[in-house]
Amino acid sequence: MRPQFLLKMKHLKQQLNDGVRDALKTLSFPDKPFTISPSKNPDFGDLSTNVALILTKDLKRAPIQIAEEISGILNQQLSKHIDSISVTPPGFINFTLSPSFYQSNIQNILNAGEDFGRSSIGKGKTANVEFVSANPTGPLTVGHGRQAVLGDSVASILEWNSFNVTREYYYNDAGRQMRILGQSVEARYFEALGKEFEFPEDGYQGDYIIDIAQSIIKNYGKGLNSGDKRFRETVEIVIFSDIKNTLSELGIIHDQFSNEKSFYDNGAIDQLLSDLKAKELIYESDGATWLKTSALGKDQDRVYIKSSGEPTYRLPDTAYHRNKVERNFDEIIDIFGADHADTYPDVLAALDALDVPVDHIRVLIHQFVTLLRDGEKVKMSTRKANFVTLEDLVKEVGKDVVRYFFIMRNMSSHLDFDLDLAADQSDKNPVFYLQYAHARIANIIKHGESLGHSFSQEFDPTLISEKEEFTLIKHLMRFPELSEQLYESLEPQMLATYLQELAAHFHKFYGKCKVITDDSALTQSRLALITCAKLVLSNGLHILGISTPDRM
RNA sequence: GCCCCGGUAGCUCAGUUGGAUAGAGCAUCUGCCUUCUAAGCAGAGGGUCACAGGUUCGAAUCCUGUCCGGGGUACCA
């Protein structure tokens, strides 16, 4: 095979764009922004531009006429990669690309291999992704699962775009919740010893609290007094260990844990308060300390320190975010549930008032998970111990299903998690459709090897000619652009949708075209093609943290 | 009351920057395994894109209003 110039889709689009703009200049048409996008319908070629439609108003002429004129110019300078140009109502100009363009891109994908689709947007840059951030008051629930998987996938998307990513977990360990948690354990401790005890109002009622009380008896004996620090310390250690274990079963490992307490200890919170005071944004009222958010364009002021002397979460959260900014990440991503949607603007406003840069902070808000069991909603509360743990779910349906379930929906949509469907009909979970495509390819390659058809990288791309083959290549070639879109949106669901389509194109190809045949030249070409498909499936599933089985 | 998110096929949801005939999966029907994995493929039925206006050459997509669901509006996190 002769070496040939390998033109990527991105560059071809740029060429077309330049060509159209030259044509506009030739025709003395105004230069307005237009798009060149994949055609929805194969009848309209491979790429289409709306440039004529955009110009119709300025030129006060029918768009179809404008399109004809532009395409007339373009036709005189056809690139070798363009087979034909057509105009269709209401005024689209369609480009049909040459088969050789697609065929040659098979080599492109093979050359890039595991890096195919990777972008260099974040090369030399750092990003911090904060997610989960559940306080250690109980096991992670299915509700936390969405954020855990979402956050980890977002972090992977950034890594795929060449960022050096820190996965971070922040928790509040100085507030009221943790105090009540300690008191709950203490109560269970004395209860177990048959002594008098008082279970706190709003205490944590889960059985795990009783287990922890038992472990304290075992480790520290029966002589602890009320208020002993070890009640709280132990419960935090035990629960955190459980949380980390659950996350690791999902393939999620945080690089850094940050806690509220450290910002009291190192003076960051005092510093923040005095800096805000210097800006006259702090005042006392009704025994509490307030942040004057109304002076920062908000509806109302917010309490920073309660009259009880305990700060609200806003104060340490703001100190924490200042700390993150000071750590000089190029991008800071916060992943919060919908219940936090109203709080982060106050944090950002306070930092902005102190001239702390916040433009590189992106806050992603995801909606809640509604659990369905027997077709009915399950209300969850950690405090009332009415929840389904994430760990139980992972044990029941497996990591891959759980991960896929949580990112297959747009994060701004509510997610219905049907426990019965996930558990009983997991065979039908769409994730298997993707993995099956990967396993099928692996099997074909293996089958080929057993018959002496080892893929050699020496293949004739022009033997690729079936419609299903081109559909598959075209889809594979979209992956680099998709990767950049993933960076823009930080929406893993887009990748899930793309991979579903890719698997569908592969399964259709499989139904139509046999790979391993007596025709060894064709066999090599098709092995090249399915190797590309396997690469992209693998790269995509890897970003989502889903395994790529060779057998199913 | 006010703020945020959502409303697309019987169900769960895609739909890129506003683009051409609104798509998948599940469920319901009809075909396809002597041939690389049938966890698959081919086909059928199924729609007032919540409703009403507006902007535009063009609206599921943008704007306004109404209705419905979720969340927030705490000196809870």
Side-chain angles (χ1 to χ4, degrees), chain A residues 33-35 37-41 43-44 48 50 52-57 62-63 88-92 94 133-135 137 171-172 175-177 180 202 286-290 299-300 302-314 317 337-343 345 365-368 370 372 382-383 408-416 418 421 425-433 435-437 439-448 450-451 453 481-482 485 488-489 493-494 496-497 500-501 503-504 506-517 523 526 530 551-552:
Chain A
F34 56 89
T35 60
S37 54
S39 310
K40 269 191 177 171
N41 185 325
D43 293 346
F44 304 137
S48 303
N50 62 354
L53 296 161
I54 299 287
L55 292 173
T56 183
K57 194 170 187 181
T88 49
F92 287 99
N94 310 307
S133 297
N135 292 337
T137 57
Y171 60 101
N172 299 99
R176 178 171 171 270
Q177 297 302 327
I180 292 175
D202 294 335
D286 299 330
T289 302
W290 295 71
D299 294 344
Q300 51 186 301
R302 303 288 185 175
V303 170
Y304 248 19
I305 302 174
K306 297 184 249 179
S307 51
S308 68
E310 283 179 324
T312 64
Y313 57 90
R314 279 173 222 271
D317 275 13
D339 52 345
H340 278 66
D342 225 28
T343 73
I365 302 289
H366 68 88
Q367 298 300 309
F368 284 160
T370 304
L372 299 175
T382 300
R383 196 170 307 167
M408 66 189 285
R409 302 285 177 248
N410 189 312
M411 70 177 95
S412 64
S413 292
H414 296 263
L415 172 60
D416 279 347
D418 189 328
L421 191 76
Q425 302 189 15
S426 58
D427 289 12
K428 296 187 172 169
N429 191 293
V431 70
F432 292 119
Y433 185 76
Q435 294 181 314
Y436 187 56
R440 260 188 165 170
I441 296 171
N443 192 63
I444 294 170
I445 292 171
K446 195 175 146 202
H447 181 249
S450 74
L451 296 177
H453 293 289
E481 194 175 354
L482 176 83
Q485 287 171 355
E488 296 296 333
S489 66
Q493 183 262 345
M494 280 179 68
T497 303
Q500 277 295 325
E501 291 164 353
F506 170 74
H507 287 308
K508 284 174 190 183
F509 158 83
Y510 176 88
K512 183 74 184 296
C513 305
K514 189 151 189 207
V515 177
I516 309 298
T517 63
T523 296
R526 286 188 171 160
I530 66 169
R551 293 178 62 97
M552 285 179 73

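Throughout, protein chains are lettered first and strands after them, A, B, ... in sequence-line order, and every chain is numbered starting at 1. Remember, predicted model here, so these are calculated numbers, not experimental data.
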Quiz item: For atom C1', what is the distance between B:A9 and B:A14, given to the nearest Å?
Solution: 13 Å
Practice problem: Answer whether the closest heavy-atom distance between the side chains of A:F509 and A:I530 falls below 4.5 Å. | Solution: yes
Quiz item: Hey, does A:T137 have a side-chain heavy atom less than 4.5 Å from the side chain of A:Y171?
Solution: no
Practice problem: Remember a base hit wins even if backbone is also touched, and classify A:D286 as base, sugar-phosphate or nothing at under 4.0 Å, heavy atoms. | Solution: base
Quiz item: Separation of A:Y510 atom OH from B:A42 atom P, in whole Å?
Solution: 14 Å
Quiz item: Taking atom P in both B:U21 and B:G25, what distance in whole Å separates the two?
Solution: 23 Å
Quiz prompt | Atom P, compared across B:C3 and B:A74: separation rounded to whole Å | solution = 15 Å
Exercise. Would you verify whether the NZ or CZ of A:R440 falls within 45 degrees of the ring axis of A:F506 while also being under 6.0 Å from that six-membered ring's centre?
Key: no
Self-check item: Pairwise side-chain contact, A:K306 with A:T312, heavy-atom cut-off 4.5 Å (strictly under)
Solution: yes
Quiz item: For RNA chain B, whose closest nucleotide is more 5', that of A:S307 or that of A:F509?
Solution: A:F509
Practice problem: Would you mind classifying the nucleic acid contact of A:T35 as base, sugar-phosphate or nothing, using non-hydrogen atoms under 4.0 angstrom? | Solution: base
Quiz item: Do the side-chain N and O atoms of A:T88 and A:N94 include a donor-acceptor pair separated by under 3.5 angstrom?
Solution: yes
Quiz prompt | B:U55 and B:C67, which share atom name P, separated by this distance in whole Å | solution = 24 Å
Self-check item: Side-chain N or O of A:S413 closer than 4.0 Å to phosphate OP1/OP2 of B:U12
Solution: no
Quiz item: Of the candidate nucleotides B:G71, B:C75, B:U12, which contains the atom at the shortest distance from the side chain of A:R409?
Solution: B:U12
Quiz item: Is there a side-chain contact between A:E488 and A:M494, using heavy atoms and a 4.5 Å cut-off?
Solution: no
Exercise. Specify the separation, in whole Å, of atom CD1 of A:I365 and atom C1' of B:G6.
Key: 15 Å
Practice problem: Would you confirm whether A:R526, through its side chain, and A:K514, through its main-chain N or O, come within 3.5 Å as a donor-acceptor pair? | Solution: yes
Quiz item: Mind checking the P distance from B:U17 to B:C62? Whole angstroms is fine.
Solution: 11 Å
Quiz item: On RNA chain B, nearest-nucleotide positions of A:N50 versus A:N172: which is more 5'?
Solution: A:N50
Quiz prompt | Residue A:R176, side-chain heavy atoms: nucleotide from B:C57, B:C76, B:G40 that is nearest | solution = B:C76
Exercise. Give the nucleotide from the list B:U17, B:A14, B:C5 with an atom nearest to the side chain of A:S37.
Key: B:U17
Quiz item: A:T56 and A:P63: which non-hydrogen atoms are nearest, and at how many Å?
Solution: OG1-CD, 3.5 Å
Quiz item: OP1, OP2 of B:C3 versus side-chain N and O of A:Q300: anything below 4.0 Å?
Solution: no
Self-check item: Integer angstrom distance from the P of B:C2 to that of B:U64
Solution: 14 Å
Exercise. For RNA chain B, list all stems, counting runs of three or more consecutive pairs where every pair is Watson-Crick or G-U wobble with both distances under 3.5 Å.
Key: B:1-7 with B:67-73, B:10-13 with B:23-26, B:28-32 with B:40-44, B:50-54 with B:62-66
Practice problem: Taking the side chain as every heavy atom from C-beta outward, state whether A:N172 and A:D317 have any atom pair closer than 4.5 Å. | Solution: yes
Exercise. Answer with base, sugar-phosphate or nothing: what part of the nucleic acid does A:A288 contact at a heavy-atom distance below 4.0 Å?
Key: base
Practice problem: Mark up nucleotides 20-25 of chain B, 5' to 3', with B wherever a protein heavy atom is under 4.0 angstrom from a base atom, S wherever such an atom reaches only the sugar-phosphate, and - elsewhere. | Solution: BB----
Practice problem: Can you tell me the distance, in whole Å, between the CD atom of A:Q177 and the C1' atom of B:C76? | Solution: 6 Å
Quiz item: When the distance from CG of A:D416 to C1' of B:G70 is rounded to whole Å, what number comes out?
Solution: 11 Å
Quiz item: How long is the line joining CZ of A:R551 and C1' of B:C36, in whole Å?
Solution: 14 Å
Self-check item: B:U73 phosphate, OP1 or OP2, under 4.0 Å from A:R302 side-chain N/O
Solution: no
Practice problem: Kindly label the base of B:C33 as syn or anti, based on whether its glycosidic torsion lies within 90° of 0. | Solution: syn
Quiz prompt | Closest to side chain of A:M552, choosing from B:A39, B:C76, B:U16 | solution = B:A39
Self-check item: Gap in Å between the two P atoms, one belonging to B:G1 and one to B:U66, rounded
Solution: 10 Å
Self-check item: Side-chain heavy-atom pair A:P90, A:L53 within 4.5 angstrom cut-off
Solution: yes
Practice problem: Could you tell me the separation between the CE atom of A:M494 and the P atom of B:C13, rounded to a whole number of Å? | Solution: 19 Å
Practice problem: Measure from the side chain of A:K508, starting at C-beta and using heavy atoms only, and say which of B:G19, B:C41, B:A14 lies closest. | Solution: B:C41
Quiz item: Where the side chain of A:T343 is defined as all heavy atoms beyond and including C-beta, which of B:A77, B:C57, B:A38 is the nearest nucleotide?
Solution: B:A77
Exercise. Could I get the full list of ring pair (Phe, Tyr, Trp, His ring centres under 6.0 Å) partners for A:F92, not counting sequence neighbours?
Key: none
Quiz item: What is the nucleic acid contact for A:D339, judged by heavy atoms within less than 4.0 Å: base, sugar-phosphate only, or nothing?
Solution: base
Practice problem: Figure out the NE2/C1' separation between A:H507 and B:A39, and round it to whole Å. | Solution: 8 Å
Quiz prompt | B:A39 base / A:Y436 side chain donor-acceptor hit below 3.5 Å | solution = no
Quiz item: Should A:Q500 and A:T497 count as side-chain neighbours, where that means a heavy-atom distance under 4.5 Å?
Solution: no
Quiz item: Over how many whole Å does the gap from A:F34 atom CZ to B:G18 atom C1' extend?
Solution: 17 Å
Practice problem: Select base, sugar-phosphate, or nothing to describe what A:K514 touches, counting heavy atoms under 4.0 Å on all strands. | Solution: base
Quiz item: When rounded to the nearest Å, what value does the distance between C1' atoms of B:C11 and B:A27 take?
Solution: 8 Å
Quiz item: Quick one: are A:D339 and A:F368 in side-chain contact, heavy atoms under 4.5 Å?
Solution: yes
Quiz item: Would you say B:A42 has OP1 or OP2 under 4.0 Å from some side-chain N or O of A:K512?
Solution: no
Quiz item: Can you tell which of B:A38, B:C5, B:A77 lies closest to the side chain of A:Y313?
Solution: B:A77
Practice problem: Select base, sugar-phosphate, or nothing to describe what A:A437 touches, counting heavy atoms under 4.0 Å on all strands. | Solution: nothing
Self-check item: Minimum-distance nucleotide to A:I444 side chain [options: B:C36, B:C5, B:A77]
Solution: B:C36
